[in-house]
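Scroll down for the structure; my scribbles are underneath it.
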2 protein chains.
Amino acid sequence: MARNLKPPPQRAAARRGRPETGQSAHNILDVAERLVQTRGYNGFSYADIAAELGVTKASLHYHFASKADLGRALIERYDAAFAHSLAAIDQRFTLPGDRLRAYVALYESVIRGQRMCLCGMLAAEVSTLPAPMQKQLNAYFDANESWLGQVLAAGRRRGELQFAEPARERARAMIGALEGALLVARVYGDARRFRAAVDPLIRDVCGAPPPMRRRRISPG
Amino acid sequence: MARNLKPPPQRAAARRGRPETGQSAHNILDVAERLVQTRGYNGFSYADIAAELGVTKASLHYHFASKADLGRALIERYDAAFAHSLAAIDQRFTLPGDRLRAYVALYESVIRGQRMCLCGMLAAEVSTLPAPMQKQLNAYFDANESWLGQVLAAGRRRGELQFAEPARERARAMIGALEGALLVARVYGDARRFRAAVDPLIRDVCGAPPPMRRRRISPG
DNA sequence: GTCTATAACGAGATAGAC
DNA sequence: GTCTATCTCGTTATAGAC
């Protein structure tokens with residue numbers, strides 16, 4: 001295959017005698033996560049991760065025997081991190097309206113770097129994914145619907161939020177809208193499109209404009 | 001490679017002396033379109049199309065020299081068909097509210113067969129697509145925003161529809177919501193989830209419940 | 001316009017040395 | 001844990017016969 005023997009890769013990270021076995025897996029997941037969020041599960045390979053980390057593909061297979069294993073680990077970690085974020089919102093905010101806006105901000109933080117929500121991206125490719133990953137996706141969206149549904153229900157009880165249908169149904173609508181706003185905004189490479197597409201829907205359930213102050217028009 | 005020589009493929013379609021050169025391309029596009037809508041651009045191959053049509057991969061390359069060519073043709077046709085559907089809506093309906101609901105029905109027709117909107121699917125993979133396809137995606141969403149924005153603006157002028165922000169902005173929100181509703185409903189393999197996620201957002205702009213009659217709960 | 005055959009490459013994955 | 005080396009298969013694409 002006409003290989004030109006190149007000098008040894010000069011690993012970036014290695015070289016320290018650290019007994020922690022979790023460090024490498026963590027780095028692998030970080031890179032893989034970004035690749036899935038930007039290119040999709042079928043749009044990246046072990047070679048991409050290996051090149052970025054300065055290791056070989058074989059080394060990756062030591063940590064994640066198959067791509068399906070890696071995929072499962074990705075959703076698992078993402079789902080856990082999301083649950084953690086929701087718990088943090090619950091702790092920090094009391095008013096349902098504030099919780100709702102913090103939830104939206106969570107999605108907004110994703111689009112920086114042109115990323116899609118990990119599970120939204122995988123949702124597009126769902127029919128090509130191994131069954132375990134499909135089940136994890138269901139669980140992810142179920143958990144989101146459940147949390148947001150409760151926030152919305154509480155908000156309506158307090159008279160802070162308004163909507164006609166069951167809270168769970170409105171939660172479904174909003175989660176879909178958030179995912180779709182990410183999806184379309186990425187086409188234009190413009191993160192501001194996300195807010196522009198989402199704010200109207202927030203206003204529909206809140207009576208008043210979202211935060212206390214309006215955002216500025218120009219960068220500043 | 002231990003090939004077991006199988007009998008000749010027994011083509012399904014061929015065998016007729018038809019001079020139309022466009023027929024094959026049309027069939028190829030039909031299959032490719034469904035594959036992209038269900039599996040994504042990076043989730044199918046020429047081999048998949050060839051197997052389904054009972055032809056060889058080489059034969060496909062005669063009609064679409066590269067996968068990028070095929071991709072471009074797919075968006076072009078899809079975009080044209082969508083424009084045609086919008087023109088048909090304009091002709092058939094006069095009231096903005098009716099046009100809006102017909103627009104939503106267009107999306108709803110997509111999810112049967114577990115399909116995603118072609119351009120919504122490609123939007124997820126946008127960073128892996130050849131530049132021409134990316135530009136086509138922009139044009140597609142621009143056209144949608146433009147059409148829907150005009151419908152919404154007209155509806156508000158008549159007092160039929162209600163929303164606070166510029167019509168174009170509301171159009172952006174609704175298109176994102178529709179794409180996202182498709183995206184998430186597919187995870188559950190449940191087309192009804194689409195309507196459940198979209199109806200609340202329709203009701204927010206229409207004063208009244210969508211159609212004259214409510215849909216039935218059971219199949220019938 | 002479709003075929004056979006094959007090139008050229010990349011994918012996921014494994015064996016075994018270190 | 002990471003490496004080299006290799007395997008097998010799938011992918012896009014081309015050449016040239018029919």
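Below, read A as the first sequence line, B as the second, and so on, with proteins coming before strands; counting in each chain starts at 1.
Taking atom OH on Y46(A) and atom P on dT6(D), their separation rounds to 22 Å, with Å as the unit. To the nearest angstrom, P of dT11(D) lies 9 Å from CZ of R39(B). L60(A) has its CG atom 12 Å from the P atom of dA11(C), to the nearest Å. Taking atom CD1 of I49(B) as the reference point, atom C1' of dG10(D) lies 15 Å away to the nearest angstrom. Between the OH atom of Y62(B) and the C1' atom of dA5(C) there is a distance of 20 Å, rounded to whole Å. With rounding to whole Å, K67(B) atom NZ is found 15 Å from dC9(C) atom C1'.
Judged purely by distance below 3.5 Å, without hydrogens or angles, the side chains of S24(B) and N27(B) never pair a donor atom with an acceptor atom.
Side-chain nitrogen and oxygen atoms of S45(A) include at least one within less than 4.0 Å of the OP1 or OP2 phosphate oxygen of dA11(C). Considering only side-chain N and O atoms, T56(A) lies under 4.0 angstrom from the phosphate OP1 or OP2 of dC3(D). Note on S24(A): a side-chain N or O is less than 4.0 Å away from OP1 or OP2 of dT2(D).
When each of dT12(D), dT2(C), dA13(C) is scored by its nearest atom to the side-chain atoms of H61(A), the top-ranked nucleotide is dA13(C). Counting only heavy atoms from C-beta on, H63(A) has its side chain closest to dT2(D) among dC3(D), dT11(D), dT2(D). The side chain of A58(B) approaches dT4(C) more closely than any other nucleotide in the set dG1(D), dT4(C), dA11(C). Set against dT12(D), dT2(D), dT14(C), the side chain of K57(B) has dT12(D) as its closest nucleotide.
Within a 6.0 Å sphere centred on CD of Q114(A), heavy atoms belonging to other residues, nucleotides or ligands number more than 12. The neighbour count for E76(B) CD, taken as heavy atoms of other residues, nucleotides or ligands under 6.0 Å away, does not exceed 12.
No contact: F64(A) has no heavy atom under 4.0 Å from any strand.
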Quiz item: What's the verdict on salt bridge (charged side-chain N to carboxylate O under 4.0 Å, His left out) for R170(B) and D204(A), showing C-alpha distance, side-chain angles and the deciding distance?
Solution: CA-CA 11 Å; R170(B) 172 64 63 160; D204(A) 284 342; 2.8 Å; yes
